[in-house]
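A short worksheet on the structure shown next.
Sequence lines set the chain letters: A, B, ... in the order given, protein chains first and strands last, and positions in each chain run from 1.
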There are 2 protein chains.
Amino acid sequence: MESLTSNLSIQISDRFFVKNPDSSEIGQRIIEWSIILIEEIGFEAFTFKKLAIQIGTTEATIYRYFESKHRLLLYLTCWYWSWMEYRLLFAITNVESAEERLNRSIGLLTEVIEEDSNFSYVNEVKLNNIVIAEASKSYLNKDVDKENKEGAYLNYKKLVQRISEIILEINPNYKYPHMLVSTVIEGAHLQRYFAEHLPGLTDTNSKEDSVAKFFKQMVFKSIE
Amino acid sequence: MESLTSNLSIQISDRFFVKNPDSSEIGQRIIEWSIILIEEIGFEAFTFKKLAIQIGTTEATIYRYFESKHRLLLYLTCWYWSWMEYRLLFAITNVESAEERLNRSIGLLTEVIEEDSNFSYVNEVKLNNIVIAEASKSYLNKDVDKENKEGAYLNYKKLVQRISEIILEINPNYKYPHMLVSTVIEGAHLQRYFAEHLPGLTDTNSKEDSVAKFFKQMVFKSIE
DNA sequence: GCAATAATGATAGTATTACTATTATTATTG
DNA sequence: CAATAATAATAGTAATACTATCATTATTGC
């Protein structure tokens with residue numbers, strides 16, 4: 001994506017942090033390096049102590065920004081879905097055909113992520129890898145209902161809702177738009193993960209990006 | 001499913017355990033109660049200590065059966081996929097039409113699970129809930145490549161392979177059979193979880209089981 | 001029936017984790 | 001320049017995921 005002239009920043013709801021990491025240099029380093037570290041060693045092995053050493057601060061300081069590493073993960077995934085929504089808006093505004101809007105939306109959700117230079121201290125490629133491998137852990141736990149009530153998954157739901165509406169524009173009688181969209185999002189993540197680690201569960205072809213093709217075909221055939 | 005006269009037992013490869021839990025009463029209680037406990041409190045909060053207290057033994061004894069709680073989870077998911085394969089064979093043998101075999105296979109993977117009285121100390125309904133909420137954690141971690149080499153996911157892959165072959169029987173030109181099947185399996189789990197905890201991501205209808213209908217439609221439209 | 005062996009129980013110990021708490025020091029702001 | 005806020009340094013805690021040791025109890029082979 002082309003770099004924009006103005007400086008952009010994704011605003012994240014204060015439900016995820018104690019002190020806004022966007023408001024200080026040390027906070028920005030927390031975000032920048034947590035993405036690098038979590039992608040490298042995985043969320044289980046990631047600790048605030050390791051992060052503190054990496055950015056030359058102390059555990060106590062990080063705890064003043066995030067009350068737990070789980071909350072930090074929620075912050076990062078929320079950032080990711082907000083970023084996705086912003087990219088979605090750019091991709092589909094002024095496109096008249098609903099089919100083309102849907103085509104672009106599914107593309108956005110299933111194609112390989114590239115870095116976006118508009119957001120300086122976030123590496124979107126690494127963040128995408130984190131979302132692929134770790135985001136499901138943010139809702140696959142016993143706090144899911146409490147956190148859902150707090151609004152932890154609102155951005156994700158909003159994105160699903162938006163694309164569901166395009167589907168209903170194309171076929172108002174299609175009964176499962178939300179199922180279809182959430183299956184595509186989670187499915188695309190999994191297929192990328194399988195391609196890397198469990199190729200027997202997918203159909204990879206190094207020459208072409210079959211993930212996006214598979215899901216586009218699946219969506220358009222399902223709703224016709 | 002009807003109860004069979006003979007006593008069945010699912011044989012699990014010895015790569016998952018130190019001592020076969022099927023070989024002793026205490027081992028069987030480990031399996032029985034680990035399923036009950038993990039379903040109730042979640043895999044994160046589950047510990048060998050809690051399990052030991054529950055079944056009136058000690059941590060040390062449980063460690064003599066499983067080298068870690070992660071290995072126990074691999075054992076349980078492996079059991080689940082073996083059980084699924086056994087049910088699949090029952091459901092499709094002697095069915096001539098490939099379409100009908102596929103229809104039954106997808107049904108098996110997406111419909112609500114009912115208890116199977118053939119396997120005394122395993123509660124399949126609870127185990128299904130564990131697979132839905134926890135199984136992805138067994139491969140979404142940094143040991144995935146090592147464990148894959150050890151054969152930890154063979155049963156899962158075998159099931160995907162089997163159903164992929166039915167798809168290719170129906171349409172030999174379909175390019176993504178494995179992708180489609182693994183998307184259905186993981187997608188069905190997720191949709192059941194969403195229906196319970198994040199209904200905004202799905203399309204539930206208490207009157208009918210829309211999960212199975214959605215995925216059947218998706219599969220048959222995708223491959224035609 | 002009894003010795004040999006295996007399985008289990010009881011108990012202790014360790015490194016790490018995910019925090020909380022306290023106090024001193026340094027930056028920032030009015 | 002005083003007041004306030006942010007950060008650093010350090011210590012401490014309960015829980016976790018194990019490992020280790022040794023005594024006790026079952027099981028099996030002869």
Side-chain angles (χ1 to χ4, degrees), chain A residues 14 16-34 37-38 40-76 121 134 137-138 140-143 146-147 152, chain B residues 14 16-34 37-38 40-76 121 134 137-138 140-143 146-147 152:
Chain A
D14 61 10
F16 299 107
F17 51 74
V18 184
K19 177 178 158 72
N20 193 343
D22 205 33
S23 71
S24 75
E25 201 236 316
I26 208 165
Q28 296 180 9
R29 269 190 293 150
I30 288 172
I31 301 305
E32 182 180 1
W33 282 92
S34 66
L37 253 183
I38 293 172
E40 195 184 321
I41 63 177
F43 187 66
E44 267 70 56
F46 169 81
T47 68
F48 279 0
K49 187 159 209 174
K50 287 175 188 166
L51 176 59
I53 291 167
Q54 193 64 244
I55 64 179
T57 182
T58 60
E59 267 183 287
T61 298
I62 296 170
Y63 275 103
R64 255 176 241 111
Y65 286 86
F66 291 98
E67 83 182 54
S68 67
K69 70 172 190 170
H70 180 73
R71 287 262 138 176
L72 171 57
L73 182 61
L74 285 178
Y75 178 95
L76 293 177
Y121 58 89
E134 321 285 358
K137 297 170 191 169
S138 80
L140 289 177
N141 71 58
K142 291 287 169 181
D143 296 324
K146 207 191 72 207
E147 281 170 350
Chain B
D14 61 11
F16 299 106
F17 52 73
V18 184
K19 176 178 156 73
N20 193 343
D22 205 33
S23 71
S24 75
E25 201 235 316
I26 208 165
Q28 296 181 8
R29 271 190 292 150
I30 288 173
I31 300 307
E32 181 180 2
W33 283 92
S34 66
L37 255 182
I38 293 173
E40 195 184 323
I41 64 178
F43 187 65
E44 266 71 56
F46 168 82
T47 67
F48 279 1
K49 188 159 209 172
K50 287 175 188 166
L51 177 58
I53 290 167
Q54 194 62 246
I55 65 178
T57 182
T58 59
E59 267 184 288
T61 297
I62 296 170
Y63 274 104
R64 259 175 234 113
Y65 286 86
F66 291 99
E67 83 181 53
S68 68
K69 70 173 189 169
H70 180 73
R71 287 262 138 178
L72 171 58
L73 182 61
L74 285 178
Y75 178 95
L76 293 177
Y121 58 89
E134 321 285 358
K137 297 170 191 169
S138 79
L140 289 176
N141 71 58
K142 290 287 170 181
D143 295 325
K146 205 191 73 206
E147 281 169 349

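Between A:Lys49 and C:dT17 there is no side-chain N or O to OP1 or OP2 distance below 4.0 Å. B:Tyr65 has a side-chain polar atom (N or O) that falls below the 4.0 Å cut-off from OP1 or OP2 of C:dT8. In this structure, B:Lys19 reaches the C:dA7 phosphate: one of its side-chain N or O atoms is under 4.0 Å from OP1 or OP2. Between B:Thr57 and C:dT8 there is no side-chain N or O to OP1 or OP2 distance below 4.0 Å.
Atom-to-atom, CD1 of B:Ile53 to C1' of C:dA10 comes out at 13 Å; the value is rounded to the nearest Å. The distance from atom CD1 of A:Ile62 to atom C1' of C:dT17 is 14 Å, rounded to the nearest whole Å. The distance between atom CD of B:Glu67 and atom P of D:dC18, rounded to the nearest whole Å, is 8 Å. Rounded to whole Å, the distance from CZ on A:Arg64 to C1' on C:dT26 is 13 Å. Atom CD of B:Glu59 is separated from atom P of C:dG13 by 15 Å (rounded to the nearest Å). Rounded to a whole Å, the CZ atom of B:Phe66 is 17 Å from the C1' atom of C:dT8. As rounded to whole Å, 5 Å separates atom P of C:dT8 from atom CD1 of B:Ile26. Between the CD atom of B:Glu44 and the P atom of C:dA18 there is a distance of 11 Å, given to the nearest Å.
Checked for salt-bridge contact, A:Glu44 and A:Lys137 meet the test: a charged N lies under 4.0 Å from a carboxylate O.
Summary of the strand contacts: A:Thr58 and B:Phe46 both lie near DNA chain D, and taking for each the nucleotide with the nearest heavy atom, the more 5' one is attributed to A:Thr58.
In this structure, B:Lys50 places its NZ atom where more than 12 heavy-atom neighbours from other residues, nucleotides or ligands lie under 6.0 Å away.
With a 3.5 Å ceiling on both atom-pair distances, the Watson-Crick or G-U wobble partner of D:dC22 is C:dG9.
Using a 4.0 Å heavy-atom cutoff across all strands shown, B:Tyr63 reaches at least one base atom of the nucleic acid.
Taking every heavy atom of both residues into account, B:Glu59 and B:Ala52 meet most closely at N-CB, 3.6 Å. Scanning both residues, B:Ser24 and B:Tyr65, for their nearest heavy atoms gives OG-OH, 2.6 Å.
Relative to the side chain of A:Ala60, the nucleotides D:dT10, C:dC19, D:dA17 differ in distance, and D:dT10 lies closest.
In this structure, B:Phe48 and B:Phe46 have perpendicular ring planes: the angle between them is above 60°, well past the 30° mark.
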